Trainee: 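A single structure is presented below for examination.
In what follows, chains are A, B, ... by sequence order, proteins preceding strands, each numbered from 1. Quantities reported herein were computed from a predicted structural model and do not represent experimental measurements. Any value given below was found using the heavy atoms of this structure, including those in side chains, with hydrogens, waters and symmetry copies removed.
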There are 2 protein chains.
Amino acid sequence: MASIKEVARAAGVSTATVSRVLANSPHVRPALRERVLKAIKELEYRPNLIARSLRAQQTTTIGLIVSDIRNPFFTAISRAVEDTAYEEGYSLILCNTDEDPKKESIYLNVMRDANVAGVILSPTGPTAAGLRELETGFAVVVIDRSIPDADVDMVLLDNVDSAYRLTRHLLENGYQRIAAICGERSTTGRERCAGYEQALRAYGLLPTAELVRFVPPQIEAGYAAALRLLDLPEPPEALLTTNSLLAAGALEAIRERGLRIPDEIALVTFDETTWASLVQPPITLIEQPTYEIGKTATELLLQRVAEPERPTRRVILKGRLLVRGSSAPRVRCG
Amino acid sequence: MASIKEVARAAGVSTATVSRVLANSPHVRPALRERVLKAIKELEYRPNLIARSLRAQQTTTIGLIVSDIRNPFFTAISRAVEDTAYEEGYSLILCNTDEDPKKESIYLNVMRDANVAGVILSPTGPTAAGLRELETGFAVVVIDRSIPDADVDMVLLDNVDSAYRLTRHLLENGYQRIAAICGERSTTGRERCAGYEQALRAYGLLPTAELVRFVPPQIEAGYAAALRLLDLPEPPEALLTTNSLLAAGALEAIRERGLRIPDEIALVTFDETTWASLVQPPITLIEQPTYEIGKTATELLLQRVAEPERPTRRVILKGRLLVRGSSAPRVRCG
DNA sequence: GTGAAAGCGCTAACAC
DNA sequence: GTGTTAGCGCTTTCAC
């Protein structure tokens with residue numbers, strides 16, 4: 001691993017000149033530039049990023065902090081972020097926090113210690129609150145969850161409207177008694193619940209506490225919540241879940257109770273996954289533009305790295321309603 | 001962001017002493033240690049990892065280079081790797097190469113420039129060949145794909161045997177004309193194909209070229225290959241695919257042709273996924289111990305970082321056959 | 001246009 | 001035990 005010193009010696013110039021050539025500075029005589037380039041090639045020189053980072057007080061690395069990369073939503077995001085970061089010469093550090101504020105805080109510190117240029121994260125409540133004031137020392141872009149009055153770049157889905165449309169779709173297809181299983185600990189679940197309730201009211205129905213559940217956004221919790229809903233004295237005609245993990249759990253519960261979809265129970269959710277279109281009937285859902293969310297978040301982040309004082313932006317993306325068999329028009333029986 | 005210098009000044013000691021306290025060196029008088037610790041606390045000092053890395057010529061970062069994090073197998077691996085790395089104080093850099101040797105080579109260079117302690121990767125053929133000789137400058141652990149005569153740590157599935165058992169299961173359930181759709185560009189697909197052919201021979205059947213396809217390990221390729229197989233003049237009674245993406249494609253194709261599983265066509269594959277158990281009938285498959293693979297790979301890597309000259313190991317993990325509805329005993333009709 | 005040299009924050013000889 | 005100092009590899013004044 002040749003250093004800049006050796007290149008300088010080989011080319012018969014100072015390290016400053018090599019550095020200038022590396023930086024494409026115009027103030028280098030062509031002849032010298034040639035010699036330096038030749039030396040670089042011969043020695044197979046590659047600049048040491050660590051040294052560069054120490055000098056610059058910043059790395060070409062960004063962090064992605066999510067609850068669990070195995071959530072298909074975050075998997076898709078991470079791919080988009082990595083692609084976009086790579087194009088701009090940045091590397092991606094991945095962190096899983098399991099929705100644990102402590103782990104979030106620890107990872108945020110790790111990011112600071114590592115001198116990352118910035119971080120993309122989808123924080124839980126406590127961390128979000130801290131973000132409102134915190135001087136992090138690096139650029140931050142929040143995804144998936146909104147922090148109401150924080151001066152931070154965000155890329156979000158239009159949660160209320162998406163949930164509204166999803167619920168309206170059910171209502172228009174004749175479903176009335178609709179239950180919602182929502183992810184807790186994030187604004188996302190609450191916003192989607194709000195859209196669900198708005199739609200009910202718009203159609204002259206009153207939301208029932210009995211039919212709304214807030215649970216950890218995981219398969220098991222979705223399964224348990226769905227079972228309880230299905231076992232109600234007066235069970236729901238349709239189930240709405242706010243992410244794919246809850247939906248997978250709900251589907252298991254429906255299968256366990258031997259109910260037919262959509263005749264006996266409809267199921268709709270958020271987030272496209274492999275299974276949602278493979279299952280029979282396929283699941284009606286709101287598809288988030290995951291790749292665009294990740295790409296946009298990365299772009300916002302790198303723009304802020306380049307220009308720290310620019311005004312913050314809040315990008316709201318629209319979800320796409322994919323109508324499929326799990327919410328087919330209801331056939332009244334009786 | 002206080003530096004070690006400021007801590008030293010605040011505590012009335014030299015930076016060396018602070019450094020010793022940080023390193024838990026026993027050669028510091030308790031009184032001094034106390035003063036230093038107090039200063040560290042008051043200044044909220046945190047060591048700059050970049051500076052430390054420059055000095056040590058190595059970071060506490062490891063790289064994970066996979067074809068696509070969206071492949072559920074790699075998603076699961078990444079979670080295990082990140083968990084394990086985090087426990088040991090290491091961060092994880094994620095890279096997607098799309099099975100492109102050029103991107104693999106670029107990322108390997110990025111890893112070198114970043115001075116990572118080591119890299120876990122699942123290389124394509126050309127990169128694997130290079131690995132055999134390459135002086136990478138960092139520790140390397142190969143997962144998922146074997147490099148026959150390379151002196152590199154590896155964590156692998158017992159591919160031949162797993163495919164053998166999977167195929168034998170089909171044979172014992174009465175399926176005879178079994179087609180295989182295998183991932184190309186990796187030893188994994190070839191080994192699993194070999195296991196498949198061995199099982200056929202063991203049961204007195206001859207492998208037919210017509211029934212074996214090597215395609216890119218993606219949904220679309222699986223779909224196309226399955227369609228062609230199903231449209232054969234004499235179509236197969238069962239389909240074996242070597243990963244979950246190919247299986248998802250094959251399932252689509254089966255659905256498109258309106259065939260019933262398993263009556264008209266059985267389907268078995270590798271890798272447990274959400275959809276494989278949610279689909280009806282659920283899919284029989286070989287489940288890889290993904291978490292253990294990722295954890296073991298990370299442990300091997302960090303052991304090698306600690307002791308570069310230790311003899312290389314090759315850990316072979318066994319897959320678990322999960323028998324489900326998609327390969328139920330065949331009912332002969334006619 | 002080019003080079004000498006300081007310094008980013010840290011650790012490890014080496015001296016005392 | 002503790003401090004002084006060199007140096008990891010790089011960039012960037014500041015002279016010339």
Trainee: Over how many whole Å does the gap from B/Glu6 atom CD to C/dG7 atom P extend?
Mentor: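 Rounding to the nearest Å, CD of B/Glu6 and P of C/dG7 are 15 Å apart.
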Trainee: Is the phosphate of C/dA4, meaning OP1 or OP2, less than 4.0 Å from a side-chain N or O of A/Ser14?
Mentor: no
Trainee: Charged N to carboxylate O below 4.0 Å: is that the case for A/Arg313 and A/Glu307?
Mentor: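 Salt bridge absent between A/Arg313 and A/Glu307.
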Trainee: Suppose we screen for side-chain contact (heavy atoms from CB on, under 4.5 Å). Which residues come up paired with A/Glu88, at least two apart in sequence or across chains?
Mentor: A/Tyr90, A/Leu302
Trainee: Would you say that A/Val13 contacts A/Arg35 through its side chain, given a criterion of any heavy-atom pair below 4.5 Å between the two side chains?
Mentor: yes
Trainee: Rounded to the nearest Å, what distance is computed from the CD1 atom of residue B/Ile40 to the C1' atom of nucleotide C/dG9?
Mentor: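 My rounded result for the distance is 14 Å.
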Trainee: Tell me the closest heavy-atom pair linking B/Glu82 and A/Leu94, and the distance in Å.
Mentor: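 It is CG-O, 3.3 Å.
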Trainee: Would you kindly check if the NZ (Lys) or CZ (Arg) of B/Lys102 is within the cone defined by 45 degrees around the ring axis of B/Tyr107 and under 6.0 Å from the six-membered ring centre?
Mentor: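 No.
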Trainee: Before accepting this row, confirm whether a basic side-chain N of the pair B/Glu34/B/Lys38 lies closer than 4.0 Å to the acidic partner's carboxylate O.
Mentor: no
Trainee: Tell me the interatomic distance from A/His27, atom NE2, to C/dT2, atom C1', rounded to whole angstroms.
Mentor: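 In whole Å, C/dT2 C1' lies 12 Å from A/His27 NE2.
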Trainee: Apply side chain to side chain contact (heavy atoms under 4.5 Å, CB included) to the pair A/Asp98 and A/Asp68, showing each step before the final yes or no.
Mentor: CA-CA 6 Å; A/Asp98 295 316; A/Asp68 190 342; 4.3 Å; yes
Trainee: Taking only side-chain N and O atoms of B/Thr17, does any of them lie within less than 4.0 angstrom of OP1 or OP2 on D/dG3?
Mentor: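 Checking B/Thr17 against D/dG3: at least one side-chain N or O falls below 4.0 Å of OP1 or OP2.
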Trainee: To 10°, what angle do the rotation axes through the five end pairs on each side of the helix from C/dG1-D/dC16 to C/dC16-D/dG1 form?
Mentor: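 So the angle between the two local helix axes works out to 50°.
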Trainee: Round to the nearest Å and state the distance from A/Asn115 atom CG to C/dG9 atom C1'.
Mentor: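 So the CG-C1' distance, A/Asn115 to C/dG9, works out to 10 Å.
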Trainee: How many Å lie between CG on A/Leu54 and P on D/dG7, as a whole number?
Mentor: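 Answer to the nearest Å: 17 Å.
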Trainee: Can you tell me the distance, in whole Å, between the CZ atom of A/Arg29 and the P atom of C/dT2?
Mentor: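 After rounding, the reported distance stands at 4 Å.
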Trainee: Can you spot which of A/Val66, A/Leu108, A/Leu64 makes a side-chain contact (heavy atoms from CB on, under 4.5 Å) with A/Leu121?
Mentor: A/Leu108
Trainee: Heavy atoms only, 4.0 Å cut-off, all strands: where does B/Ile50 land among base, sugar-phosphate and nothing?
Mentor: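 B/Ile50: no heavy atom of the nucleic acid under 4.0 Å.
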Trainee: Whole angstrom is fine here: how far is it from CG in B/Asp113 over to C1' in D/dG9?
Mentor: 13 Å
Trainee: Compare side-chain N and O positions of A/Gln58 against OP1 and OP2 of C/dC8 and report whether any pair is under 4.0 Å apart.
Mentor: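 Looking at the OP1 and OP2 atoms of C/dC8, neither is under 4.0 Å from any side-chain N or O of A/Gln58.
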Trainee: If the cut-off is 4.0 Å, is B/Gln57 near the phosphate of D/dG9, judged by side-chain N/O to OP1 or OP2?
Mentor: yes
Trainee: Under a 4.0 Å threshold between the charged nitrogen and the carboxylate oxygen, would B/Asp153 count as salt-bridged to B/Arg314?
Mentor: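 Answer for the salt bridge query: no.
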Trainee: Take nucleotides 10-16 of chain C nucleotide by nucleotide from the 5' end and write B, S or -, depending on whether a protein heavy atom sits under 4.0 Å from the base, only from the sugar-phosphate, or from neither.
Mentor: BBBB---
